[in-house]
Engineer: 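The structure's right below; bear with me while I get my questions together.
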Amino acid sequence: MDFVSNNFFNDKSMKEKDIQIYCNIYQQLGLAWEFLGLHCGHREGYKKTRDKKVVCKVCGKVKGVDDSYYLLPKEGIKKLGKRLKPDSRKTFKNKKEAEIVNDTIDFYGALVNVDVHNSYKSSLFSREINIAAERIVSLKERGMECHVDQHLIHIKMNKSKKKFGKENYGGFPWEIKKQHLKNFPVIFDFDENYQFLGLTILR
């Protein structure tokens with residue numbers, strides 16, 4: 001990068017078209033260097049620069065600054081970040097201040113979102129309420145959604161393929177009349193003591 005900068009960018013006789021070519025080369029070299037830096041384990045330690053920044057002695061990355069890219073292996077499990085949970089008992093003024101992470105990945109057509117936040121204040125129905133601290137993992141696939149938080153697992157079916165009523169209700173199985181249960185294609189998994197193990201929804 002220094003070679004391109006010192007030998008070509010200072011040449012006033014160079015045509016604008018040629019300058020643009022070297023600008024593109026410079027950008028690609030910078031991108032390549034950033035990806036090479038992702039491989040660096042910073043084992044040689046850090047040093048201070050003239051502007052008092054602490055950088056890696058090998059790759060030059062500034063200590064404590066997040067990477068702009070992730071480096072993932074082609075084979076095996078792909079790992080992004082670490083497991084995060086709410087980390088404060090404080091109630092923040094709004095969700096933005098309370099947010100720890102809210103990130104989404106489109107993984108082979110499946111949309112996965114992780115939303116972790118501390119407690120915060122929110123206005124609902126013109127009243128200020130406190131929203132509880134939560135870690136919510138959401139999956140969207142084929143128009144269906146599954147949301148998993150610390151207390152609930154909620155599944156939303158694809159409403160685009162069927163005609164549904166205007167109202168939404170909720171209830172336990174024993175609260176629904178027997179003749180209406182045929183509209184619920186759900187199989188419950190349980191043990192010999194009738195302890196709930198899981199369920200299967202037929203599409």
Side-chain angles (χ1 to χ4, degrees), residues 34 37-38 41-42 46 52-56 61-73 76-160 162 164-176 184 186-191 193-201 203:
E34 190 162 359
L38 294 174
H42 316 303
Y46 295 84
K52 297 182 180 180
K53 291 181 179 179
V54 180
V55 301
C56 175
K61 179 187 174 183
V62 179
K63 188 176 183 179
V65 175
D66 291 335
D67 291 313
S68 300
Y69 300 90
Y70 288 108
L71 191 64
L72 298 176
I77 296 177
K78 283 73 175 170
K79 183 177 180 181
L80 295 178
K82 60 181 180 179
R83 181 180 178 85
L84 297 172
K85 297 186 294 184
D87 57 7
S88 175
R89 294 184 179 180
K90 177 182 175 181
T91 299
F92 292 83
K93 293 181 181 180
N94 51 59
K95 186 175 182 180
K96 186 176 181 180
E97 291 186 6
E99 185 177 282
I100 298 173
V101 65
N102 190 351
D103 207 358
T104 304
I105 182 172
D106 187 333
F107 194 67
Y108 293 96
L111 207 63
V112 181
N113 173 265
V114 177
D115 179 7
V116 183
H117 58 79
N118 292 310
S119 176
Y120 64 94
K121 294 183 181 296
S122 178
S123 297
L124 187 65
F125 305 118
S126 300
R127 294 180 58 188
E128 188 177 81
I129 62 173
N130 290 343
I131 303 297
E134 275 288 7
R135 171 187 167 89
I136 305 171
V137 179
S138 304
L139 168 66
K140 294 183 180 180
E141 166 70 10
R142 299 182 185 179
M144 294 175 289
E145 300 180 21
C146 178
H147 305 271
V148 181
D149 62 36
Q150 293 173 289
H151 305 286
L152 297 172
I153 300 174
H154 184 62
I155 299 174
K156 293 181 181 180
M157 302 302 293
N158 188 351
K159 293 184 179 181
S160 64
K162 292 183 180 180
F164 291 89
K166 296 181 180 180
E167 302 295 334
N168 288 340
Y169 300 96
F172 293 102
W174 57 85
E175 297 176 320
I176 303 171
F184 296 81
V186 179
I187 301 173
F188 293 99
D189 301 327
F190 51 89
D191 63 13
N193 298 318
Y194 292 93
Q195 297 293 314
F196 179 71
L197 299 178
L199 60 82
T200 302
I201 301 175
R203 296 182 60 195

Engineer: Let me check something: any side-chain donor-acceptor pairs from residues 98-111 under 3.5 Å, sequence neighbours excluded? List them with distances.
Structural biologist:
unit_1 : atom_1 : unit_2 : atom_2 : d
N102   : OD1    : N113   : ND2    : 3.0
T104   : OG1    : N113   : ND2    : 2.8
D106   : OD1    : G109   : N      : 3.2

Engineer: Side-chain contact test, heavy atoms from C-beta onward, threshold under 4.5 Å: evaluate it for D149 versus D115 and give yes or no.
Structural biologist: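 Contact flag for D149/D115 side chains = no.
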Engineer: For the pair S119 (side chain) and I131 (backbone), establish whether a donor and an acceptor sit closer than 3.5 Å, ignoring hydrogens and angles.
Structural biologist: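 Looks like yes, one N/O pair under 3.5 Å.
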Engineer: Testing the basics here: between A133 and P86, what is the closest heavy-atom pair and its distance to 0.1 Å?
Structural biologist: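 Heavy-atom minimum between the residues: CB-CB, 3.6 Å.
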Engineer: Go through it in stages, so that I can follow the logic: the residues are N130 and K121, the test is side chain to side chain contact (heavy atoms under 4.5 Å, CB included), and I'd like the CA-CA distance, side-chain angles, deciding distance and then a yes or no.
Structural biologist: CA-CA 5 Å; N130 290 343; K121 294 183 181 296; 3.4 Å; yes
Engineer: Please check: side-chain N/O of N94 versus main-chain N/O of K96, any donor-acceptor pairing under 3.5 Å?
Structural biologist: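 A pair under 3.5 Å: yes.
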Engineer: Quick one: which residue pairs count as a side chain to side chain donor-acceptor pair (under 3.5 Å) with a foot in residues 132-141, not counting sequence neighbours?
Structural biologist: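 Every side chain to side chain donor-acceptor pair (under 3.5 Å) pair that includes a residue of residues 132-141, provided the two are not neighbours, is S138-H147.
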Engineer: Might you confirm whether atom NZ of K53 has over 12 heavy atoms from other residues, nucleotides or ligands at distances under 6.0 Å?
Structural biologist: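 No, the 6.0 Å shell around NZ holds no more than 12 heavy atoms from other groups.
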Engineer: Using every non-hydrogen atom in the two residues, find where I201 and L199 come nearest and quote the distance to one decimal.
Structural biologist: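 Distance-wise, the nearest heavy atoms are CG1-CD1, 3.7 Å.
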Engineer: Would you indicate whether L197, at its atom CG, is surrounded by more than 12 heavy atoms from other residues, nucleotides or ligands within a distance under 6.0 Å?
Structural biologist: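 Buried by this count: over 12 neighbours within 6.0 Å.
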Engineer: Minimum heavy-atom separation for Y46 to V54, with atom names?
Structural biologist: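 Closest approach of Y46 to V54, heavy atoms only: CB-CG1, 3.4 Å.
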Engineer: If you take all heavy atoms of I155 and C146, which pair is closest and at what distance?
Structural biologist: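 What the structure gives for the nearest pair is CG1-SG, 4.2 Å.
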Engineer: Mark yes or no for whether K63, through its side chain, and K61, through its backbone, hold a donor-acceptor pair below 3.5 Å.
Structural biologist: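 Looks like no, no N/O pair under 3.5 Å.
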Engineer: As an exercise, state the distance from CZ of R203 to CE of M144, rounded to the nearest 0.5 Å.
Structural biologist: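 Answer rounded to 0.5 Å: 3.5 Å.
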Engineer: Work out which heavy atom in F196 is nearest to a heavy atom in G198; give both atom names and the distance.
Structural biologist: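 Result for this residue pair: CE1-O, 3.0 Å.
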Engineer: Out of curiosity, T91 OG1 to E97 CD, how far, rounded to the nearest 0.5 Å?
Structural biologist: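 Answer for the OG1-CD pair, T91 versus E97, is 12.0 Å.
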Engineer: Which pairs count as salt bridge (Lys or Arg N to Asp or Glu O under 4.0 Å) when at least one residue sits in residues 81-90, sequence neighbours excluded?
Structural biologist: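 Pairs touching residues 81-90 that pass the test: none.
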Engineer: Does the side chain of P173 come within less than 4.5 Å of F188's, by heavy atoms?
Structural biologist: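 Yes, side chains in contact.
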Engineer: Side chains of N118 and Y120: does their closest heavy-atom pair fall under 4.5 Å?
Structural biologist: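 SC-SC contact between N118 and Y120 ruled out.
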